[in-house]
Amino acid sequence: MLKNTSDAADTREILLAILSNSGTLAGISLALVGIINLKPINSKIDTIADDLYIFSALGFVVVCYLVFFAMRLLHSSRIMYLARFIDALFLGSLTMLVVAGFLTVYTFV
């Protein structure tokens with residue numbers, strides 16, 4: 001987490017923000033897969049970007065599930081480990097989304 005907190009209320013608010021953002025970004029990633037497939041000629045870069053969009057969407061969906069499980073463990077001592085894992089997965093999925101975005105812009109230019 002960006003903010004190391006031991007307060008359950010702060011952790012809950014952070015997890016809810018991650019849940020909202022990851023759900024939105026999963027939908028955007030899937031929409032971008034459809035946009036890439038509208039192009040009649042697909043190059044190798046398009047295929048790589050397509051795969052990155054799909055894996056980032058999958059990562060965001062897994063983050064959504066993990067946040068729901070973390071909400072049940074909110075008062076447990078293991079919540080910080082799970083929250084760090086959720087943050088790392090969210091950051092990895094976001095990085096894949098950004099890289100795929102650059103590849104998409106490169107192919108359309």
If the condition is side-chain contact (heavy atoms from CB on, under 4.5 Å), which residues does Asn21 pass it with, not counting sequence neighbours?
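By the side-chain contact (heavy atoms from CB on, under 4.5 Å) rule, Asn21 matches Phe90.
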
With sequence neighbours excluded, what pairs up with Leu30 under the side-chain contact (heavy atoms from CB on, under 4.5 Å) test?
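Applying side-chain contact (heavy atoms from CB on, under 4.5 Å) to Leu30 gives Ala57.
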
Are side-chain heavy atoms of Phe60 and Leu89 found at a separation under 4.5 Å?
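Phe60 does not reach Leu89 side chain to side chain.
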
Distance, nearest 0.5 Å, that separates [atom1] of [X] from [atom2] of [Y]:
| X | Y | atom1 | atom2 | value |
| --- | --- | --- | --- | --- |
| Leu32 | Ile54 | CG | CD1 | 11.5 Å |
| Leu103 | Lys44 | CG | NZ | 12.0 Å |
| Met96 | Leu25 | CE | CG | 12.0 Å |

Please step through side chain to side chain contact (heavy atoms under 4.5 Å, CB included) for the pair Ile18 and Asp87, ending with a clear verdict.
CA-CA 8 Å; Ile18 290 174; Asp87 272 347; 3.1 Å; yes

Residue list, side-chain hydrogen bond (donor to acceptor under 3.5 Å, both in side chains) with Ser56, at least two apart or on another chain:
Ser29

Taking Thr24 for the side chain and Ser20 for the main chain, is one N or O donor matched with an acceptor at less than 3.5 Å?
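Checking the backbone N and O of Ser20 against the side chain of Thr24, a donor-acceptor pair under 3.5 Å is found.
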
Check: Thr104 main-chain N/O paired with Thr107 side-chain donor or acceptor under 3.5 Å:
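Yes, Thr107 side chain to Thr104 backbone: donor-acceptor pair under 3.5 Å.
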
For Leu91, the other hydrophobic cluster members (4.5 Å side-chain criterion, sorted by chain and number) are none

How does the hydrophobic cluster around Val98 look, that is, which other residues are in it when side-chain heavy atoms under 4.5 Å mark a link?
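Hydrophobic cluster check, Val98: joined to Phe102.
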
Looking only at heavy atoms, which two atoms of Ala100 and Tyr53 are closest? And how far apart?
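Heavy atoms of Ala100 and Tyr53 come nearest at O-OH, 3.4 Å.
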
ILVMFWY cluster, Leu15 and Tyr81 together (side-chain gap under 4.5 Å)
no

Which side-chain N or O atoms in residues 62-73 pair as donor and acceptor under 3.5 Å with protein atoms at least two apart or in another chain?
none

